[in-house]
Amino acid sequence: MPIKNLFKTGIFAFTLFFSSSVLAQDGRIYPLETPDEPRAILLGTGGVENQPAPETWFRQ
């Protein structure tokens, strides 16, 4: 019985440790330059009014 409780406690500690790292992730958005896409297929879906650029690329 004590080994079973020790196993459960270990699993709980493991889960608690790794779930705390999820909360520490950076949520900021970093803009990127538009990459060259020589083989892109234009969809012609139209633009957005008052948009300063035709598209925006970012990394989060």
- request: Apply side-chain contact (heavy atoms from CB on, under 4.5 Å) to E37 and list each qualifying residue two or more places apart in sequence or on a separate chain.
  value: A40, E55, W57
message: Please enumerate all residues that pass side-chain contact (heavy atoms from CB on, under 4.5 Å) together with R39, with sequence neighbours excluded.
response: none
- prompt: Of all residues at least two apart in sequence or in a different chain, which pass the salt bridge (Lys or Arg N to Asp or Glu O under 4.0 Å) check with R28?
  reply: D26
- prompt: Is it the case that more than 12 heavy atoms not belonging to F7 sit under 6.0 Å from its CZ atom?
  reply: no
task: List in chain and number order the residues that pass side-chain contact (heavy atoms from CB on, under 4.5 Å) with I29, two or more places apart in sequence or in another chain; answer none if no residue qualifies.
output: F58, Q60
- prompt: Partners of I41 by side-chain contact (heavy atoms from CB on, under 4.5 Å), sequence neighbours excluded?
  reply: none
